[in-house]
Structures are given as structure tokens and as C-alpha cells.
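See below for the structure under consideration.
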Amino acid sequence: MDFLDYQTFALDEANAKDYDLPEPASRLPIKSQQSSKDLDKDFSMPRLANAELDAEGTENLQDKMQKYASLSLSALSLKRLPPQSSMENPVVSQGTSLGEKTLEQLVQNGEKTIDNTDALLSKRLSRILDAHHRNTLQCDTQLRRSFKVLEDNQDRLHFNSKTLVRPDFVGSLARNSLRSNLESELLKSHLMILDDIQPIVRRIKRLSEPVQNIHQMGDALLKQGEMAHDETKTYMDTVYILQNALLKHRLKKRILVMLRDKLTLNQVEEDALINSNVGPEFFEVMKKLMRLKETATYLLALPNPKAGTVLMEQTNAKIEKANKRIFNYLVDFLYDLQSASKTFGERAFSSNDKPLITFQQGMLYLSNDLPIFNEFIKRVVKARSQIVLDDFLSQFDVSSAKASRPIIISAHDPVRYLGDVLAHVHSLIVDEADFMDSMFKFQNWNIQDTPTSILQENREFLNGLSISLLNETFGPVENSIRIRLEQIIRFEDDPIINFEIYELLALYQMMFIKYGLRPDSNLILQLINLRNTSSSKILTGLTKILDDANITQNLEKELLPAEWLVKYLAKLCELLTKFEKSGSVKDSETLIDSNFLKEALACLITEKLPEYHKSKFPQARKEKEVKKHLLLSEINCIDLIKTRMLPYRETIFSKGDRHLVYENIDSHLQASTKSLIGLETKSLLEKLGLDLYSNLFNMIFPVESVQDELDYDMYLPVLENPIMQRDTIRSNVHIKLNDFLPILLSDIQDNLLFHIVSPKIADHISTECLSCLSKFYKVFRQVLLKLYPENHEDIDTILNFSEEEFDTLIGLN
Amino acid sequence: MVQHLIKSKFKVQSQLTKKLPMSANRAGKSLTKYKIVFLGEQGVGKTSLITRFMYDTFDDHYQATIGIDFLSKTMYLDDKTIRLQLWDTAGQERFRSLIPSYIRDSHVAIVVYDVTNKKSFEYIDKWVEDVKSERGEENVVLCIVGNKNDLSDERQVSTEEGERKAQVLNAKIFIETSTKVGFNVKNLFRKIAKTLPEFQKSDSVPLDDNATKNKPDVIDITTNEEQEQSSCQC
């Protein structure tokens with residue numbers, strides 16, 4: 001601690017200590033140095049030890065100080081102050097002029113001399129401050145700090161700053177007092193430090209001797225070492241070798257520790273694998289095991305695969321055990337769920353349910369062990385199938401107390417029964433799909449931190465797990481469903497109902513596939529089989545109508561279409577109408593295709609109708625009239641078929657090659673009509689006596705093909721035939737012609753047209769017949785006129801109707 | 001009666017579930033499923049109603065439903081979870097024969113008509129008749145919904161007419177909706193949920209409840225918890 005010695009900066013030039021101090025720039029023009037100096041020089045402070053101070057009446061410090069002050073003043077008053085120039089220091093001059101006055105007066109006048117004293121003090125302070133200014137700024141700062149410290153400790157050091165800076169004696173006293181206080185404080189502080197240091201010193205003293213011994217020993221050793229330098233070198237080599245060995249061992253240890261951490265499970269993990277519950281901790285260990293397995297595969301690629309093999313074996317053994325634990329956990333979970341469902345009804349998990357996540361995570365890890373995983377899948381399928389089957393069968397339990405009504409076979413509505421069964425299966429499928437999605441859908445599940453091997457190998461499989469489980473669940477149930485459906489389908493003969501069943505099965509097949517069943521799943525295949533059964537039964541049902549009708553037994557006398565045909569066509573039309581409304585008409589592959597129509601219609605025309613007519617008209621081959629009736633009946637039947645199929649011509653028969661079936665019906669109708677026209681024409685010619693001539697003429701050239709008069713010449717050779725004699729012609733034709741021609745029209749109407757249902761066809765037949773007759777009559781008459789040019793009158797008497805008259809009589813005009 | 005049975009069953013389940021052992025915690029929460037069948041003429045907006053409820057979307061492009069469509073949605077109401085199974089039927093004539101099989105075991109029947117199509121409104125009687133013949137008068141919650149409420153210029157059926165019809169047909173819920181603008185759709189399902197036995201107040205228990213309580217083989221474990229007013233959080 002530095003003390004600022006105020007006296008040091010006194011203006012005494014003779015002071016040796018101040019020699020080095022540079023003279024500060026005189027800021028104040030103080031010229032009274034001498035007077036002050038003299039004052040200081042001549043004045044000495046009275047000693048405190050003076051006996052006068054110890055006199056009686058000075059008990060307290062105040063009295064002592066008072067006495068001391070009075071002594072000092074008296075001492076001062078004894079000296080004469082040197083004369084002062086009033087110019088230099090008027091105040092002091094003034095004081096000097098009052099030299100004779102008492103000290104009391106001087107003190108009283110002290111106030112007046114303050115300016116002079118201030119000037120002196122200013123000079124001293126400027127010296128102090130300049131001295132500090134000349135030093136570094138640090139000193140200035142230090143000084144400031146010192147003042148600050150002083151200021152802070154003002155109370156502690158018991159000084160008054162104003163008193164302290166007073167230039168007078170009181171100030172000096174205060175400064176001295178401060179100095180002594182500070183010194184006392186410093187001493188105290190030093191004593192404290194010494195007290196603190198004392199034990200350390202004591203310790204150092206105590207240790208000094210052993211340290212000295214060590215020094216001595218070290219010196220001795222160094223001396224010895226110098227002596228045995230070679231030995232040291234050997235030792236150092238050994239040390240280096242050992243150090244290298246140590247480093248290697250450390251590295252080895254680090255590698256082994258790392259290998260241990262990387263390739264083995266620690267005790268905690270081993271314990272978790274065996275004893276902890278299946279949960280996050282367990283799966284962490286599993287994850288590590290999976291990583292170990294991956295690492296082991298890399299080790300297998302080394303030249304010596306022993307390490308890899310051993311590690312792989314160990315890891316596999318642990319994984320196997322862990323998988324068994326997971327399997328047990330999953331099975332327990334499943335049974336808990338099943339049991340809770342049985343007891344408390346349907347259960348559900350939210351997607352972030354911890355047990356569900358653990359379950360799914362378990363599934364994920366188990367999927368790496370295919371045999372166990374498959375076993376678990378089997379359990380799931382078995383459990384779910386049982387639930388589905390129970391639910392399915394409960395619907396048929398009439399005595400069940402369930403809220404929903406049981407499905408009951410209704411004799412009059414088998415389609416409704418099947419619909420109920422299939423609708424319930426539909427609801428079972430969607431329920432099960434819902435369940436499977438909630439439990440076994442991993443697509444949206446966060447499996448980022450799962451070992452890559454699982455994802456790479458099983459991702460696709462796991463993604464489709466819910467769907468495959470759904471399909472497998474319905475595998476065992478399929479048989480029960482099939483039986484329920486088949487018992488209706490097998491015994492249903494009505495083609496319309498079978499068609500509705502067929503459509504119903506097709507619709508449910510589509511809906512079941514939509515909700516997750518695979519097209520090749522057992523249930524769908526069964527539905528396809530049942531569809532095929534019902535489709536085949538549609539045609540069988542139609543055929544059965546014909547078979548049941550006993551077409552060869554119940555023969556009717558009328559030439560109108562038979563009752564069985566009407567019924568059959570009504571059923572067929574009902575079927576076609578349903579088919580039309582079903583919306584599947586446009587489909588290329590549909591139930592009612594060209595083959596179906598051929599079976600249902602073409603066979604009817606080519607097989608059933610001929611069979612029917614053969615039974616009905618057995619004499620048709622022998623008797624023309626019967627034959628005619630046969631043709632009439634045939635035309636009526638085919639016309640009925642055609643008429644009933646007409647509404648479907650633009651819909652069902654317009655697609656694909658179905659139009660051929662309709663054209664086939666039409667061609668059959670035309671063929672029958674043509675036969676009838678031929679037969680009837682022949683009959684009319686016969687009635688008119690012209691049949692022989694018609695045969696003769698047609699043998700030479702078909703009369704129908706005659707175009708103009710030149711063609712008549714082709715018939716000139718007929719003159720050689722004896723029947724062409726005028727008399728013969730007269731006897732064969734004339735009478736019959738005159739007798740029958742007037743009634744020919746009514747005869748046709750009565751015997752032919754009356755039996756034809758379709759007026760259009762009747763009109764067509766009569767027109768065709770009469771046209772043929774008219775044409776032959778015309779050709780025959782013209783040929784005769786050509787053959788007998790000189791006997792025209794005779795010919796006119798034989799064929800006494802002109803062509804126009806003939807046409808008029810048969811109603812062709 | 002069926003409603004009552006369902007309710008009783010649920011009460012038993014809910015009570016027992018609370019006392020499940022630890023192992024049963026992993027058996028999930030209790031879930032009751034309710035089947036809702038949507039009926040109505042072609043093009044009235046049955047599918048749109050479901051789509052708006054399920055996905056809050058509307059598709060301007062009309063596509064006829066083929067057969068029967070199925071969608072399900074879980075609703076959380078208070079501390080209960082129910083699953084609504086929505087069966088969307090096709091309005092086309094050729095699929096009509098399928099519909100009775102789905103009405104057979106449904107809890108709620110929603111008959112939808114188009115407020116801009118008088119004919120679809122007139123056909124409500126036929127649909128309700130189908131529902132009643134399959135489920136009877138009491139065993140089903142019958143709702144009548146007038147859709148396309150936003151087309152006010154083309155309206156052919158007034159709200160009053162709809163309300164009258166609903167009263168005559170004894171429908172529990174009548175509401176007009178607009179699936180296009182999403183008006184009243186959630187409200188409809190909220191109303192439906194409130195009518196389900198699981199969420200009904202105890203004072204709406206059927207009258208024969210006392211008779212059931214007195215039966216020797218029926219243990220009544222109902223508590224006042226059921227009386228709490230539930231609020232839909234769907």
C-alpha cells in the first residue's frame with residue numbers, strides 16, 4: 001500500500017528526496033514561498049510530551065488539545081514574522097503589520113490569511129498532481145482509485161475529507177491521524193496475512209528436509225546414471241518396447257470392447273430379452289439382435305468365416321427364443337381380445353394405442369421367422385374364422401334371442417333368402433376388413449427405426465397382410481356359405497329365378513372383390529361355381545318347360561300355336577326382359593349370348609317344332625292337305641316366335657352374333673311360307689285342271705322366269721304332247737275353270753288364310769299363289785294361241801277368260 | 001324392445017369394462033356398431049350425403065352407385081366410442097331387390113328425397129313402408145332428409161310439407177340438408193347419434209323398463225352416469 005506523503009511535496013528545494021522530482025509548471029504565480037518557508041522554518045510544533053500538557057486540569061483530550069493549541073500559538077507569537085511585500089502577499093503583509101498583536105488575534109485573522117494559505121496549498125497540490133500526471137495514466141487511475149477507496153472507507157477511518165484537505169494545522173493533524181489509522185489498518189491486514197501464512201511456512205519447514213534429501217538422491221542418481229549410460233539405454237529400449245506393447249494392448253482392448261458392444265448383448269439386454277415384458281425395451285434388444293445378425297452376415301464374407309458362423313448361430317438362437325416370446329405375447333393378445341369381445345362385445349383400438357403398437361411391432365419382428373409367423377397367422381385365421389362362422393350361423397338360428405331377425409327360407413322368395421345370406425356375408429366381410437385393417441395394416445405405421453432387413457424382405461408381404469388375412473379368414477367359412485346358397489340354387493328350376501340368382505351372385509361377387517376378397521379366393525370361386533350352376537339351370541329350366549309340356553301328347557286340333565309354345569315364349573320373354581333391364585346386355589361375355597339364344601330358340605324351331613308337327617300331322621308326307629295344315633301350323637308357330645322376339649331385335653339381338661339367331665327365325669318362316677305358297681299354287685292349278693300343263697311347261701322352262709313373248713317360243717315343242725290337243729285341253733280345263741275360278745278367292749280365304757294368324761303372312765301367301773296362277777294362265781293361254789294361230793276362236797272358247805278377266809276374278813287387280 | 005335390449009347390453013358392457021383386469025387393457029376399448037341404411041330415389045344425393053359426412057367434400061360429377069356401398073366412421077361421444085356403418089344403397093330400379101336385406105338388420109334408416117323433385121318426395125311412403133315391413137315401427141330410427149336445400153329457386157317441396165310427411169310417417173328426425181354447401185349434414189348425424197340407445201338420457205328408457213327390472217333373470221346395473229348429457233365430438 002502506498003501512502004501519499006503530503007510533506008514529500010513540500011516546496012523545500014533542499015530536500016534530497018525531491019531532487020529527482022521534476023519541477024511542475026507553476027500554474028499559480030505564488031511568490032510568497034519565502035514567507036511560508038520562514039514560517040515553517042521558524043515554527044516547530046510543541047512536543048506533546050511537554051510537562052505543561054501533563055499538568056493538572058488536562059484530564060481529557062479536549063483540554064489537552066486546547067492546551068497544545070495554546071502552546072503552539074504562544075510559541076508562534078514569540079517569533080517575529082519577516083517583513084513582507086504587500087504587493088506580493090497583501091494578506092501576509094497585513095499579518096506582518098500586525099506582528100505585535102497577540103496570537104489570538106492572529107488566529108482570528110487566520111481567516112483573512114486563508115487566501116495566502118490556499119495559494120500555498122494549491123501549489124503543493126499541483127506538485128502532487130503534476131507528479132502523478134507525469135507518470136502514466138495508470139498512476140492517475142491508481143490515484144483516483146486510492147481516493148475512491150478512501151472515500152468508501154470514510155466511516156471506517158473516521159476522517160472528514162474537508163478537514164483533511166485543510167492546509168492548516170487541523171488539516172495536518174487530520175492527515176496524520178488518517179495516516180496512522182491507515183498504517184494501523186495495514187498492520188492489522190499484514191498480521192492477518194502472516195497468521196494465514198504461518199501454517200504454510202511451518203509445513204514448508206517440515207518438508208524442506210525431505211526435499212533436500214530428494215535433491216541429494218537425485219543428484220546421486222544422476223551421477224550414477226552418467227556412470228551407467230549404456231545400461232540406461234538398454235532399459236529405455238525395453239521401456240519403449242513395453243510402452244508399444246502397452247499401446248497395442250490398449251488398442252486391442254478398445255477394439256475388443258467395441259466388438260463386445262457391437263456384437264454381443266450386455267447383461268441388462270440379455271435379461272430384458274428373457275424376462276422383461278414384450279414392449280419398447282424388449283424391441284430395442286430385438287433391434288440390436290437384428291443388427292448383430294446383419295453384422296454377422298458381413299463377417300461370414302471374411303476369409304475365415306468362423307467368427308461370423310459362431311456369431312450367427314448365437315444370434316439366431318437368441319432371436320429364436322425372442323420370437324417364441326413374441327409369438328406367445330401375440331397369441332395371448334389375440335386370445336385376450338377374443339375373450340373380451342365375447343364377454344363385452346366388439347372391441348376397438350385407436351391408431352395410437354400402445355398395446356396395439358406393441359402388437360404390430362411384435363408382428364413386424366415375428367415376420368422374420370416365417371414358420372412361427374405362419375403359425376401365428378394360422379391362429380389368427382382360426383380364431384377369426386370361428387368368430388365369422390359363429391356370426392354367420394347365428395343368423396339362421398331361429399331360437400336365438402338376438403335383436404336382428406333370423407334369415408328364414410321363404411318358399412315363395414328364394415332370391416330374397418339368398419339376398420339376405422349374401423348381404424349378411426357382405427356385412428361380415430366389411431366388418432372383418434375393418435378389423436384386419438385396424439390390426440394388421442402396417443402401411444401408415446412408423447417403422448423407420450426398424451432394421452432395414454425386415455422392411456426390405458417383408459414390406460410387400462406385410463403391406464398386403466390385412467388383405468390376405470381377410471381372404472384366409474373367409475376360407476373355412478366358405479363351405480358353410482356355399483351350402484346355404486347351394487341348397488336353394490340346386491333345387492330351383494324356374495329360369496327367371498335362376499337368372500335373378502345369377503345376377504345377384506354376379507353383383508355380390510363384384511362387391512365382395514371390391515371390399516377385399518381376391519378374385520381367386522375360395523369364396524369368390526364358389527360364387528362363380530354357383531353362378532355357373534344357376535346359369536346352366538336357366539337353360540335347363542327353359543328346356544324343362546318344353547319337356548314338361550309333353551308336346552307330342554297334348555295335341556290340339558287347331559292350327560294355332562300350341563299352348564306350351566306360348567308358355568315357353570312367355571317365360572323366355574320374361575327372361576329377356578329381365579336381362580334387358582339388368583344392364584349387362586352390352587357386355588360381350590354375358591349369360592344370354594348367341595349360344596344361349598340358339599339353344600333357346602333355334603333348337604326350338606329346328607327340333608321341337610318339327611317333332612311337334614310330326615306328331616300332330618303324321619300323314620303330312622302322304623296327304624297334301626295335311627301337309628298344308630302342317631305348314632300353316634309351322635308358319636303360325638314361327639311367326640309367334642318371331643313376333644315375341646321382335647321387341648328385343650334392337651337390343652339383345654343387335655349385339656354381337658345374336659342377330660344371326662333372329663335372322664335364322666326369319667329364314668325359317670320364309671321357307672315355310674314358300675313351301676305353303678308352292679303347295680297352295682299347285683293345289684289351285686289342280687282345282688283349275690291346269691296342273692298337268694303346269695308341270696309340262698315347268699319341265700321345259702320355269703314359268704316364273706318367263707319375261708316376254710319371245711320366251712313363249714320355248715314352249716312350242718309341247719305341241720307334240722297328246723295332252724296339248726285342243727279337245728283334251730277342253731275336256732281337262734274348260735269346265736273346271738268355269739266352275740272353280742269364280743269361287744277360288746273365297747276358297748283360299750276359307751281353307752288357307754283363315755288358319756294363318758298373321759294377316760300379313762296370309763296376304764303375302766294369297767298374293768303369291770294367285771300371282772303364280774295368273775302368270776301361268778297368261779303364259780298357257782298365249783302359248784296355246786301361238787300353237788294354234790288359226791284356231792284362236794276355239795282357244796278363246798276353251799280358256800274363255802281373258803288374262804284381265806282372270807286377274808279380276810282372282811282379285812289381283 | 002330391441003332398443004331397450006341393446007341399451008341394457010351396453011350398460012352391462014360398460015360396467016364390466018370398468019372392472020377389467022390388467023390383461024384386458026390390451027383388449028382395446030368397447031365399441032358398439034350401428035348400421036345406418038340410406039334409402040331414396042336415384043339421384044337424390046344419398047352418396048353425396050355420406051361423402052360430405054365422411055370426407056367433407058362434394059363431387060359435382062354424378063356417378064350412380066352400383067349395388068350397395070359401404071363406409072364406416074368411428075364417432076367419439078363423451079367417453080364412448082361408437083362405429084357407424086353406413087350402407088349406401090343404389091337408387092336404380094334393378095338394385096331394388098337387394099335393399100330389403102340391408103334394412104333387415106339396420107338400426108337407423110335414412111330416407112332421402114330431393115327438395116327439387118316432387119316425385120322423389122312422393123316415393124318416401126314406399127321406402128318407409130319397406131322399412132316398416134322389415135323392421136317394424138319401433139325397432140328402427142327413421143329419419144327423413146330433404147336434400148339439395150341450397151337450390152331454393154328450383155324447390156318443389158316445402159319444408160312444411162316435409163315436416164308434415166315426417167309426422168305422418170312417424171319419423172323421429174326430419175331435417176333439410178345441402179350436401180353441396182355442407183349444410184346440416186353433421187347436424188343430421190349428431191341428431192341420429194343422440195337417438196341411439198347408447199347416448200339417450202335415462203328418462204327416455206322405454207316404458208317397459210320397470211317390467212324388465214322386475215324380471216328375476218335380469219340384473220339391473222344401470223347408474224346415473226348414463227344420464228349425463230352427451231355432446232358430439234365427431
Side-chain angles (χ1 to χ4, degrees), chain A residues 329 332-341 343-350 353-356 358-359 395 401-407 413 415-424 426-427 429-431 433-434 437-439 500 503-504 506-508 510-511 514-515 578 580-584, chain B residues 1-6 9-10 12-33 35 37 64 66-74 76 81-83 85-87 90 92-95 97-107 134-136 139 197:
Chain A
Y329 170 80
D332 280 354
F333 186 94
L334 194 71
Y335 286 151
D336 279 352
L337 184 68
Q338 203 177 339
S339 140
S341 299
T343 319
F344 310 111
E346 288 283 346
R347 317 299 299 164
F349 291 97
S350 55
D353 251 344
K354 275 186 183 174
L356 178 68
T358 310
F359 175 79
Q395 291 295 312
K402 271 204 156 194
S404 59
R405 295 190 309 161
I407 299 171
D413 199 353
V415 180
R416 172 65 203 273
Y417 174 79
L418 291 177
D420 282 357
V421 173
L422 288 165
H424 188 63
H426 188 195
S427 85
I429 289 171
V430 296
D431 277 354
D434 248 12
D437 278 352
S438 71
M439 299 291 290
E500 285 176 0
E503 288 288 308
L504 192 72
L507 192 63
Y508 274 101
M510 182 268 289
M511 291 200 287
K514 187 179 171 185
Y515 289 101
K578 280 209 177 282
E580 211 174 19
K581 284 183 181 173
S582 72
S584 52
Chain B
M1 187 61 193
V2 173
Q3 266 186 329
H4 172 65
L5 282 171
I6 293 167
K9 185 187 171 190
F10 172 73
V12 172
Q13 283 174 9
S14 61
Q15 289 297 311
L16 289 173
T17 312
K18 286 173 188 171
K19 293 170 186 174
L20 278 177
M22 282 300 284
S23 63
N25 288 341
R26 62 183 187 191
K29 294 173 190 169
S30 170
L31 179 85
T32 314
K33 289 179 181 172
K35 289 190 177 180
V37 64
I66 305 292
I68 309 285
D69 260 355
F70 170 81
L71 287 150
S72 67
K73 183 160 180 156
T74 306
Y76 302 99
T81 308
I82 57 164
R83 195 157 179 83
Q85 295 190 324
L86 312 176
W87 293 94
Q92 286 177 22
E93 184 65 39
R94 63 193 177 107
F95 298 117
S97 61
L98 303 177
I99 295 169
S101 303
Y102 289 88
I103 301 173
R104 191 181 71 87
D105 54 355
S106 61
H107 303 100
E134 287 297 325
R135 295 287 295 169
N139 299 329

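Below, read A as the first sequence line, B as the second, and so on, with proteins coming before strands; counting in each chain starts at 1. All values below were derived from every heavy atom in this structure, side-chain atoms included, with hydrogens, water molecules and symmetry-related copies excluded. This is a predicted model, so every value here is computed, not measured.
- Contact annotation for Gln85(B): only side-chain heavy atoms (C-beta onward) come within less than 4.5 Å of a heavy atom of chain A.
- Taking chain B as the reference chain and counting heavy-atom pairs below 4.5 Å, the highest number among Val415(A), Val421(A), Leu422(A), Asp420(A) is found for Asp420(A).
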- request: Check the pair Thr358(A), Tyr329(A) against side chain to side chain contact (heavy atoms under 4.5 Å, CB included), reporting the backbone distance first and the verdict last.
  value: CA-CA 10 Å; Thr358(A) 310; Tyr329(A) 170 80; 3.6 Å; yes

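- For the atom pair CG (Asn139(B)) and CD (Glu134(B)), the distance works out to 12.0 Å, reported to the nearest 0.5 Å.
- Listed by chain and number, the residues in a side chain to side chain contact (heavy atoms under 4.5 Å, CB included) with Ser438(A) amount to none (sequence neighbours excluded).
- Neither the backbone nor the side chain of Leu334(A) comes within contact range of chain B; no heavy atoms are under 4.5 Å apart.
- Of the listed residues (Lys578(A), Met511(A), Met510(A), His426(A)), the one with the most heavy-atom contacts under 4.5 Å to chain B is His426(A).
- With a 4.5 Å cut-off on non-hydrogen atoms, Tyr515(A) touches chain B through its side chain but not through its backbone.
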- request: Carefully, step by step, assess Phe95(B) and Ile68(B) under the rule side chain to side chain contact (heavy atoms under 4.5 Å, CB included).
  value: CA-CA 8 Å; Phe95(B) 298 117; Ile68(B) 309 285; over 6 Å; no

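- Contacts of Asp434(A) classified as side chain to side chain contact (heavy atoms under 4.5 Å, CB included), with partners at least two apart in sequence or in another chain: Ser72(B), Arg83(B).
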